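In this text the structure is predicted, and so the values were computed from the model without any measurement.
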Amino acid sequence: MTRETLIDVLEKIALLLELKGENPFKIRAYRTGAEVVQSHPGDIVGMARENQLEGIKGIGEALRDKLHELAVTGRLGFYEKLRAEFPEGLFALFEVPGLGPKKIAALHRELGVGSLTDLKRVCEDGSAAALSGFGEKTVTKILEGIAFNEQHAGNFRSDEAAQAAHEILEFLRAIPETSRAEVAGSFRRGKETVHDLDFLAASRHPAALMSVFTTAPFVSQVIASGDTKSSIRLSNGLQCDLRVVSTAEFPYALVYFTGSKEHNIQLRSRALRMGWTLNEYHLAPHGSEGTPEPTGVHDEKDVHRALGLEYMPPEIREGMGEIEAAQAGTLPSLIAVENLRGTFHNHTTASDGHASLAEMAEAARELGLQYLGIADHSKASFQANGLDEDRLRAQIAEIRALNETYGKDFRIFAGSEVDILRDGSLDFADDLLAELDYVVASVHNSFTLPEAEMTKRIIRAIENPHVTMLGHLTGRLLLKRDPYAVDIPAVIEACAATATIIELNANPWRLDMDWRWWRLAKEKGVRCAINPDAHSVRGLEDLWFGIRTARKGWLTRDDVINCLPLGRIESVLGAKRRR
DNA sequence: GCCGTTTTCGGCCCGACTGTTTTCAGTCG
């Protein structure tokens with residue numbers, strides 16, 4: 001039993017209760033319960049098993065009993081009974097944008113829709129449009145939603161893949177026949193989404209290694225199985241490939257399977273110009289007049305060096321100028337997680353977070369950070385329990401008081417994630433913003449504005465001298481919601497002109513601003529703040545995804561303000577106001 | 001189903017947007 005299973009069951013119960021038209025507050029209780037399980041810092045599965053969940057806010061008697069039953073027996077009678085009332089395929093319909101419980105229930109009740117295939121059929125044959133509450137536009141929207149999902153089918157966010165990647169890597173390394181093992185592919189390059197996981201191992205007994213891999217407990221399906229290459233599927237659908245090579249081949253294979261394709265093509269043509277041919281096994285003389293094979297190649301650094309290049313970290317291997325820079329010796333020294341001294345944009349129970357101010361601060365200290373920025377939602381974000389002026393002022397006072405209890409080695413900064421309203425004005429007046437240590441401005445509504453209007457709206461917010469940084473620039477939710485239309489270069493330009501910092505939102509659903517834009521931002525002199533947008537103690541760990549994304553954007557510690565220590569960060573936060 | 005300095009019942013998240021309606025229902029944040 002895993003934490004993920006507990007969360008999944010609670011969320012599915014919520015969906016099923018919605019289909020039944022249950023009391024919305026009961027449904028919300030299950031959702032809240034799922035969030036609490038998700039964000040609880042302790043061993044929640046063990047606690048459920050031992051029936052020690054009493055006292056956790058949001059988990060009452062009913063959920064406590066259900067989680068206990070689930071953790072002990074691996075099953076839940078209540079859930080199984082509920083599930084038997086609807087076809088399994090209905091769950092997939094909730095993933096279609098624009099479809100909610102009421103419409104799904106109507107489709108099921110009136111037309112017997114029980115799967116995506118059924119849904120598509122009734123949309124195309126006109127029967128859906130004839131239902132009460134449905135029309136041509138609804139059907140069009142549903143079909144567009146299905147197409148969106150199909151386009152992203154088989155893709156996973158990096159956080160969905162991360163746990164499997166680490167577990168399987170540990171598993172491979174623990175096999176006695178394994179001499180080396182790494183995860184390669186787009187996951188290693190730190191891409192925001194991945195299609196599969198590529199593992200590479202070195203072994204003198206590849207067949208033995210393969211047989212252990214294909215019969216491992218995490219395998220739900222074996223797709224292909226050979227002596228040096230196998231593919232399996234995990235229960236969540238993620239495909240994992242394992243290649244086994246010799247120890248001598250390992251560095252070349254790791255370069256090859258890490259990619260990207262564009263990077264490899266450039267690397268191979270460079271090798272050709274130097275008299276070699278490069279593939280996943282070796283760097284060999286090309287033709288009869290080729291250069292002799294290099295010796296002493298034990299890892300990727302050696303391969304790069306043999307090609308006359310500085311070492312290129314996996315994140316920048318996208319064929320976007322890294323080879324030229326590696327040749328010229330001008331590669332940036334990429335930021336590392338150890339460089340972080342603090343972080344901004346985090347939530348507490350004052351708005352929609354799950355941990356108190358003091359708990360978040362304690363967690364930040366345990367991570368070794370010197371400061372933590374709190375930026376709860378503003379009042380326009382009703383759904384997130386946004387703070388009004390009075391509550392924000394009370395929170396500022398609470399933060400100032402809490403700071404009195406810390407030594408010189410830790411501090412909480414009082415901020416706000418203030419909503420950028422439809423017209424580009426802010427949800428709080430300037431005099432209140434002036435009381436804060438910093439301000440994150442974010443868009444949370446009216447996503448469908450035309451690009452020009454959205455760009456104007458955001459730039460107007462940026463021009464406010466109290467707006468320290470711009471939150472999640474495009475509002476995207478990876479594989480779920482497209483970014484809204486906005487002219488990113490124009491926003492970067494405006495940030496440069498006004499000394500506004502751009503957030504790299506490290507939440508793995510967002511990773512926004514996208515890594516592809518950071519080199520432009522850096523060139524314009526715009527600085528970055530890596531923010532986890534944490535809604536719980538555990539959420540602070542998302543900083544790891546932000547670091548990977550920053551590295552993909554070629555950022556160094558000098559480009560990211562939260563690498564500055566306490567004592568130097570304050571002047572950066574106040575710089576724009578002083579201009 | 002959860003919660004409690006309005007405390008064991010009766011509240012609990014409000015508003016924008018869209019599309020289907022002609023005054024509202026559903027979805028989303």
Task: Contact list for DNA chain B against residues 85-119 of chain A - heavy-atom distance below 4.0 Å - done: A/Pro97, A/Gly98, A/Leu99, A/Gly100, A/Pro101, A/Lys102, A/Lys103

- [ ] Name all pairs fulfilling the ring-ring contact (aromatic ring centres under 6.0 Å, His included) condition that reach into residues 483-517 of chain A, sequence neighbours left out, sorted by first residue then second.
- [x] A/Phe447-A/Tyr484

Between the protein and nucleotides 18-22 of chain B, list every N/O to N/O distance that falls short of 3.5 Å.
from: B/dT18; atom 1: OP1; to: A/Thr448; atom 2: OG1; distance (Å): 3.3
from: B/dG19; atom 1: O3'; to: A/Thr138; atom 2: OG1; distance (Å): 3.3
from: B/dT20; atom 1: OP1; to: A/Gly135; atom 2: N; distance (Å): 3.0
from: B/dT20; atom 1: OP1; to: A/Gly135; atom 2: O; distance (Å): 3.3
from: B/dT20; atom 1: OP1; to: A/Glu136; atom 2: N; distance (Å): 3.4
from: B/dT20; atom 1: OP1; to: A/Lys137; atom 2: N; distance (Å): 3.3
from: B/dT20; atom 1: OP1; to: A/Thr138; atom 2: N; distance (Å): 3.1
from: B/dT20; atom 1: OP1; to: A/Thr138; atom 2: OG1; distance (Å): 3.0

Task: Rounded distance in Å - CG (A/Leu421) to P (B/dG15) - done: 14 Å

Open item on the list: Is it true that A/Thr498 and A/Glu463 share a donor-acceptor pair across their side chains at a distance under 3.5 Å?
Closed with: no

Open item on the list: If you take any heavy atom closer than 4.0 Å to DNA chain B, which residues from residues 450-461 of chain A end up in contact?
Closed with: none

Open item on the list: Could you check whether the side chain of A/Asn23 and the base of B/dG1 have a donor-acceptor pair of N or O atoms closer than 3.5 Å, going by distance alone?
Closed with: yes

TODO: For B/dT21 and B/dT27, measure between their P atoms and round to the nearest Å.
DONE: 15 Å

Task: Close residues, residues 28-52 of chain A, relative to DNA chain B [heavy-atom separation under 4.0 Å] - done: A/Arg28, A/Ala29, A/Tyr30

Task: Integer-rounded Å distance: B/dA16 P and A/Asp423 CG - done: 13 Å

Open item on the list: For the residue pair A/Tyr30 / A/Lys12, report whether a side-chain donor-acceptor contact shorter than 3.5 Å exists.
Closed with: no

- [ ] Would you mind reading off the distance between A/Glu22 atom CD and B/dC2 atom P, rounded to a whole angstrom?
- [x] 13 Å

Open item on the list: Applying a 4.0 Å non-hydrogen cut-off, can you work out what A/Asn385 is touching in the nucleic acid: base, sugar-phosphate, or nothing?
Closed with: nothing

Open item on the list: Side chains of A/Gln38 and A/His354: any donor to acceptor distance under 3.5 Å?
Closed with: no

TODO: Could you list by number each residue of residues 470-488 of chain A showing a heavy-atom separation from DNA chain B of less than 4.0 Å, or answer none if no residue does?
DONE: A/Arg481

Open item on the list: Between B/dT20 and B/dG26, how many Å separate the two P atoms, rounded to a whole number?
Closed with: 14 Å

Open item on the list: Using atom C1' in both nucleotides, what's the gap between B/dG15 and B/dC9 to the nearest angstrom?
Closed with: 28 Å

Open item on the list: By the ring-ring contact (aromatic ring centres under 6.0 Å, His included) test, which pairs, at least two apart or in different chains, include something from residues 83-107 of chain A?
Closed with: A/Phe86-A/His108

Task: Whole angstrom value for the distance that separates P of B/dC3 from NZ of A/Lys26 - done: 16 Å

Open item on the list: Using a 6.0 Å cut-off, check whether atom CD of A/Glu54 has over 12 heavy atoms from anything other than its own residue.
Closed with: no

- [ ] Could you check if a side-chain atom of A/Ile59 sits within less than 4.5 angstrom of a side-chain atom of A/Leu67, using non-hydrogen atoms only?
- [x] yes

Task: Integer angstrom distance from the P of B/dC13 to that of B/dC2 - done: 15 Å

- [ ] Describe, in one word, how the ring planes of A/His472 and A/His345 are oriented to each other, choosing from parallel (under 30°), tilted (30 to 60°) and perpendicular (over 60°).
- [x] tilted

Open item on the list: Give me the distance, rounded to whole Å, that separates B/dG11 from B/dA16 when you measure between the C1' atoms they each carry.
Closed with: 25 Å

Open item on the list: For A/Ile335, is there any backbone N or O sitting under 3.5 Å from a side-chain donor or acceptor partner on A/Arg551?
Closed with: yes

Task: Sequence-distant partners of A/Glu493, salt bridge (charged side-chain N to carboxylate O under 4.0 Å, His left out), two or more places apart - done: A/Lys524

Open item on the list: For A/Phe344 and A/Tyr438, I'd like to know if the aromatic rings sit close, meaning centre-to-centre distance below 6.0 Å.
Closed with: yes

Task: All side-chain contact (heavy atoms from CB on, under 4.5 Å) counterparts of A/Glu80, not counting sequence neighbours - done: A/Arg75

- [ ] Whole angstrom is fine here: how far is it from CD in A/Glu54 over to C1' in B/dG1?
- [x] 16 Å

Open item on the list: Between A/Asn346 and A/Asp533, is there a side-chain donor-acceptor contact under 3.5 Å, judged purely by atom types and distance?
Closed with: no

TODO: In whole angstrom, give the distance that lies between atom CG of A/Asp352 and atom P of B/dC12.
DONE: 19 Å

Task: Atom NZ of A/Lys456: over 12 foreign heavy atoms under 6.0 Å - done: no

Open item on the list: Counting only heavy atoms and a strict 4.0 angstrom limit, can you tell me which residues of residues 60-76 of chain A come near DNA chain B?
Closed with: A/Gly60, A/Glu61, A/Ala62, A/Leu63, A/Lys66

TODO: Establish, from distance only, whether the side-chain atoms of A/Thr474 and A/Asp512 form a donor-acceptor pair under 3.5 Å.
DONE: yes

Open item on the list: Applying the Watson-Crick and G-U wobble criteria at under 3.5 Å, what pairs with B/dA16? Answer none if nothing qualifies.
Closed with: B/dT27

Open item on the list: Rounded to whole Å, how long is the line connecting atom CG of A/Asp388 with atom C1' of B/dC14?
Closed with: 14 Å

Open item on the list: Can you check the distance between B/dC3 and B/dT8, where both ends of the measurement are the C1' atom (answer in whole Å)?
Closed with: 10 Å

Task: A/Ser381: partners by side-chain hydrogen bond (donor to acceptor under 3.5 Å, both in side chains), with sequence neighbours left out - done: A/Asp419

Task: Spacing of the P atoms in B/dG1 and B/dT6 (rounded, Å) - done: 27 Å

TODO: Let me know the distance between CD1 of A/Ile27 and P of B/dG26, rounded to the nearest Å.
DONE: 13 Å

Open item on the list: With the criterion set at under 5.5 Å between ring centres and under 30 degrees between planes, would B/dC12 be stacked on A/Phe25?
Closed with: yes

Task: Pairing residues for A/Glu95 by the side-chain hydrogen bond (donor to acceptor under 3.5 Å, both in side chains) criterion, not counting sequence neighbours - done: none

